[in-house]
Amino acid sequence: MAKFSQYSLAKGWSFRDSENESTEAWMPVPVVPSVVHQDLKANNKLEDPFVGFNELKARWVNEKSWTYRNILQKPAVPAGSSVFLVFDGLDTFAKVRLDGNIILESDNMFLAHRVDVTKALEAEGQHVLEIDFDCAMLRAQKLREQDTKHNWASFNGDPARMSVRKAQYHWGWDWGPVLMTAGIWRDVRLEVYSARVSDLWTEIQLSSNHQAADISAFAELETISSGPYEANFTLRLHGKEVAQQKVTVTDNSFAKATLHLEKPSLWWPNGYGDQTLYEITVSVVNGQDEFHRISKKFGIRTAEVIQQHDKHGKSFFFRINGFDIFCGGSCWIPSDSLLPSITRDRYRKWVQLMVAGRQVMVRVWGGGIYEDDHFYEACDEFGIMVWQDFMFGCGNYPAWPKLLESIQEEATYNVRRLRHHPSIVIYVGNNEDYQVQEQAGLFYDYKDKNPENWLKTDFPARYIYEELLPSVVQELCPQTFYHPGSPWGDGKWTSDPTVGDLHQWNVWHGTQEKYQIFDTLGGRFNSEFGMEAFPHLPTIEYFVENEADKYPQSHVLDFHNKADGHERRIATYLVENVRTATDLDTYIYLTQLIQAEAMMFGYRGWRRQWGDERHCGGALLWQINDCWPTISWAIVDYFLRPKPAYYAVARVLNPIAVGVRREHHDWSVTHAQPPKTSKYELWIASSLQNHVSGKIELRFISINTGLEIREPIVRENIRLLPNGTTDVIVDGIIDHAAEPEPHVLAARLWVDGRLVARDVDWPQPFKYLEFSDRGLDVKKVSESSTKQTLVISTKKPVKCLVFEERDGVRLSDSAIDLVPGDDQTVDITGLNPDDAPLRYKFLGQ
């Protein structure tokens, strides 16, 4: 019998077009994991599909089949052990041969595979491993053609995609290219062992007062030779052993330990407490011999979705460790079209950006992938709660028996893989498939609770979302809440704002409402909403090759914006609000300003509603990231460069945030006639668990002169409601006849003598305002090898001061509004003393 050992098969691969069987056709593969586009690029057979129009030049790759080959040497296989070939991911239709014999056929990208190759490798010498990757695009089209009765209704991409268990965004989306990848997209290796731990997980019972926890630790074993075996469980905190138990492995290769903790340290979301992670280790032993050992980190916490009837309908919000959490955050798409290029470091940088942006939740969207372990580990470590969709997006999926079997296997594998992560607080069946059902007029009788009936309708996918997936979650991870879809609410219309979650796209899409009224359009939990903006100029310069194409509506820029009607929609929101520009640099800035304002109006209003019987339980903007250099709804672009909206959202999600807002006056409806009076409101939002008191000030400052047009309003000893909203002024009036000068409402809040929050309300639209001669002053007041500090002052109000984003440089704040008499400080890290100062721009500069 032998101790567990493994041998990476990352090197030694070659590949070719499957149709070209000549010896010269083989090309080297630098390393796997990889996909064919990366390998073609490495062999100078493909230009970067992210640059210019090269995506079109890469279309031929989508329609090909590919073969990968490696020459294996038999590893040492001690008596009483076996050797397994292990694939963590094959993309997608894969036929694996060893010495010409088929040992595996796979048609699901989201599965891992283990093949016993002990006998196949008995012969000494070299063994040939080949994998044929059939063309997923053509296979999908054939599968669709075979079922002419199914209604293939969908949004985005070829509807045939729904027949294949492959990342759906590979067929192209309204933010991404059509890149049909194939290859060994996750790790591959040989494993040799007599016994191994095939799964390790915990179930936790936390006492109601959080003072004790009972931890059931479970291990499943795979044994090649007979035992007896024992499983030694060890629990550690910060590397120190806190509990231990050795148990006998049962005949069915199963072991369970029960561990007790007094005063456990809890796992909390970002900003609410520590992200304590315990480590559970199990080792398989026979006497003094240890055969295999694995460890997993987990957190002790409770996570509930609270759905209870109230005056607004039925609530939908998250309660962690008994404390209600307003879930400000964002939606996540795969951060690359070529998935193996996403490193652990890149995942961590994305999650660290969420943390710095004061976000607490990320939604893994259902048209991508079940993410890499590194993503969830970073979310665990930094306290980002994960809303995990299953991988179904924007379509009426078929439910053939073979497909259901594959989906069952996929769900089981991935829930088992992910269930130990404390960050995952909800599993959700799909993205917008119920919206497709509504828009296509497919049959859906929520009152019919017989799953067999659902399979006979023209909406058979209901069986997946309301029977198959919840059964898997209930069996494998019963303490995690399951929600049938996003958006979804008790079978009601998906746009019902009184129940479940809501995708609010009537800003940008739909009726294209004014973003200033975003908060009036929300529901109980707003899991999608967004506004497009251009990325920063360096990102555009990456994919625009010719200087002549660097203007706002160039062909290549339009090509890199995949959203239907983006030209009209960007133009609409620009022309309604700002003075438009034709030079690219200003145009970029204006689109970013509009995005920042739109996100601010949504988040600020919805967070205020949190204090009104949890009217709004959370807001997840669409989207935080991009999968290629593009123009999209992302608030941080492909190269991890934050757009101004990123900073605007961070300020609204501050633990204590002040809000001031005058009522919306729709100039376009009133033919640009100004209002005679305007109401305004002033409030404070707090996510703190305890009462604090503060001082609030509201100033009325002329935009033209920088002078105060009336006495400020000051309120001392304002008692802030914990985890809620404190209304300070709800019926303020601006008399425009008495105060005709355009002016801002500038609010500041101090707690314990420290300035903790600001907000500035501007008259709308900006295009009617004069922004020349602001008297802005940016001074560097301190500098070290690691940090510079700027102090910024102004003589007249400044709108949206945005600093240049440089790679490796981080800003404590940007997209800042300034008023006279209120200097602001910005810390810059990563800028060397001899580097040029960061450039900046502001509205009307």
Side-chain angles (χ1 to χ4, degrees), residues 86-94 96 104-115 136 139-140 143-144 146-147 150 160-168 185-186 198-199 201 218 220 222 252 254 364-371 376 388-421 424 426-431 433-434 437 449-457 459-486 488:
V86 182
F87 296 100
D88 286 342
L90 295 171
D91 180 9
T92 292
F93 290 96
V96 183
L104 171 67
E105 291 187 78
S106 174
D107 58 5
N108 189 321
M109 176 181 178
F110 306 123
L111 286 174
H113 306 277
R114 308 180 62 82
V115 184
R139 285 282 290 268
L143 286 167
R144 182 188 178 187
Q146 291 170 10
D147 191 347
H150 182 69
R161 64 179 169 79
M162 294 181 289
S163 66
V164 175
R165 298 310 299 149
K166 175 176 173 60
Q168 302 289 272
W185 78 286
R186 281 183 170 161
S198 57
D199 197 13
W201 74 101
F218 303 90
E220 283 185 1
E222 179 187 343
N252 59 352
F254 180 83
V364 178
W365 166 78
I369 60 170
Y370 306 93
E371 280 295 343
Y376 301 101
Q388 178 66 53
D389 284 358
F390 284 93
M391 293 302 114
F392 302 89
C394 297
N396 179 31
Y397 284 78
W400 311 316
K402 185 179 179 183
L403 189 59
L404 289 179
E405 183 180 332
S406 183
I407 292 167
Q408 176 95 26
E409 192 177 355
E410 165 193 322
T412 299
Y413 167 70
N414 283 287
V415 172
R416 281 167 64 104
R417 178 172 72 93
L418 301 177
R419 59 182 164 181
H420 65 286
H421 291 289
I424 298 177
I426 184 173
Y427 286 105
V428 178
N430 68 80
N431 171 79
D433 290 4
Y434 286 96
Q437 171 265 315
K449 301 300 183 182
N450 184 347
E452 295 303 316
N453 290 342
W454 309 341
L455 289 169
K456 300 172 186 176
T457 71
F459 181 46
R462 180 186 179 186
Y463 182 90
I464 301 171
Y465 313 138
E466 297 182 38
E467 175 65 20
L468 190 159
L469 296 178
S471 297
V472 171
V473 173
Q474 178 60 35
E475 177 186 354
L476 298 176
C477 194
Q479 293 175 314
T480 304
F481 185 84
Y482 177 85
H483 189 54
S486 182
W488 192 85

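Fair warning: this is a prediction, and the values are worked out from it, not measured in the lab.
Going from atom CG of Leu455 over to atom CG of Leu404 covers 6.5 Å, rounded to the nearest 0.5 Å. Summarising the geometry, atom OH belonging to Tyr413 is positioned 5.5 Å from atom CG belonging to Asp88; distances are rounded to the nearest 0.5 Å.
The side-chain heavy atoms of Pro484 and Tyr434, taken from C-beta on, include a pair separated by under 4.5 Å. Residues Glu466 and Pro451 form no side-chain contact, since every pair of their non-hydrogen atoms from C-beta on lies 4.5 Å or further apart. Proximity of Leu469 to Tyr482: side-chain heavy atoms (C-beta onward) are separated by under 4.5 Å at one or more points. Leu418 is listed as a side-chain neighbour of Tyr427, based on a closest heavy-atom distance under 4.5 Å. Using a 4.5 Å heavy-atom cutoff, the side chains of Phe390 and Val473 are in contact. Between Leu90 and Leu104 the shortest side-chain heavy-atom distance falls below 4.5 Å. Contact annotation: the side chain of Gln437 never approaches that of Arg462 to less than 4.5 Å [non-hydrogen atoms, C-beta and beyond]. Leu468 places a side-chain heavy atom less than 4.5 Å from the side chain of Ile407.
Between the side chain of Asn430 and the backbone N or O of Gly393, no donor-acceptor pair lies under 3.5 Å. Within the 3.5 Å criterion, the main-chain N or O of Phe110 finds a donor-acceptor partner in the side chain of Asn414. No donor-acceptor pair closer than 3.5 Å links the side chain of His150 to the backbone N or O of Pro460. Side-chain atoms of Trp185 come within 3.5 Å of backbone atoms of Met109 as a donor-acceptor pair (strictly under, hydrogens ignored). Side chain of Asp107 to main chain of Phe93: no donor-acceptor pair is present (N/O by atom type, distance under 3.5 Å, no hydrogens or angles). The closest donor-acceptor contact from the side chain of Arg419 to the backbone of Leu476 lies under 3.5 Å. Counting only distance, with no hydrogens or angles, the side chain of Asp389 and the backbone of Gly366 share a donor-acceptor pair below 3.5 Å. At distances below 3.5 Å, not a single donor-acceptor pair connects side-chain atoms of His483 with backbone N or O atoms of Ile426.
Here Arg416 pairs with Glu220 in a salt bridge; the nearest charged N to carboxylate O distance falls below 4.0 Å. With salt bridges taken as basic N to acidic carboxylate O contacts below 4.0 Å, one links Lys166 and Asp91.
Exactly one of Glu410, Arg165, His113 qualifies for a side-chain hydrogen bond (donor to acceptor under 3.5 Å, both in side chains) with Asn108. That residue is Glu410. A side-chain hydrogen bond (donor to acceptor under 3.5 Å, both in side chains) with Tyr376 is found for one member of His420, Arg417, Gln388 and no other, namely Gln388.
The shortest non-hydrogen separation linking Cys477 to Val415 is CB-CG1, 4.0 Å. Considering every non-hydrogen atom in both Ala140 and Ser163, the closest pair reads O-OG, 3.4 Å. The minimum heavy-atom distance between Leu403 and Met162, with the atom names listed, is CD2-O, 4.2 Å. Here the closest heavy-atom approach between residue Gly485 and residue Val428 is recorded as C-CG1, 3.4 Å.
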Exercise for review: Tell me, with the steps shown, if Tyr397 and Arg161 meet side chain to side chain contact (heavy atoms under 4.5 Å, CB included).
Suggested key: CA-CA 9 Å; Tyr397 284 78; Arg161 64 179 169 79; 3.3 Å; yes

Practice item. Kindly indicate, with the supporting measurements, whether the criterion side chain to side chain contact (heavy atoms under 4.5 Å, CB included) is fulfilled by Val164 and Thr92. Key: CA-CA 9 Å; Val164 175; Thr92 292; 4.0 Å; yes

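For Tyr465 and Phe392, the ring centers are positioned less than 6.0 Å apart.
Counting non-hydrogen atoms of neighbouring residues, nucleotides and ligands closer than 6.0 angstrom, the NZ atom of Lys456 reaches no more than 12 such neighbours.
Using bins of under 30°, 30° to 60° and over 60° for the plane-to-plane angle, the ring pair Trp454/Tyr463 lands in the perpendicular bin.
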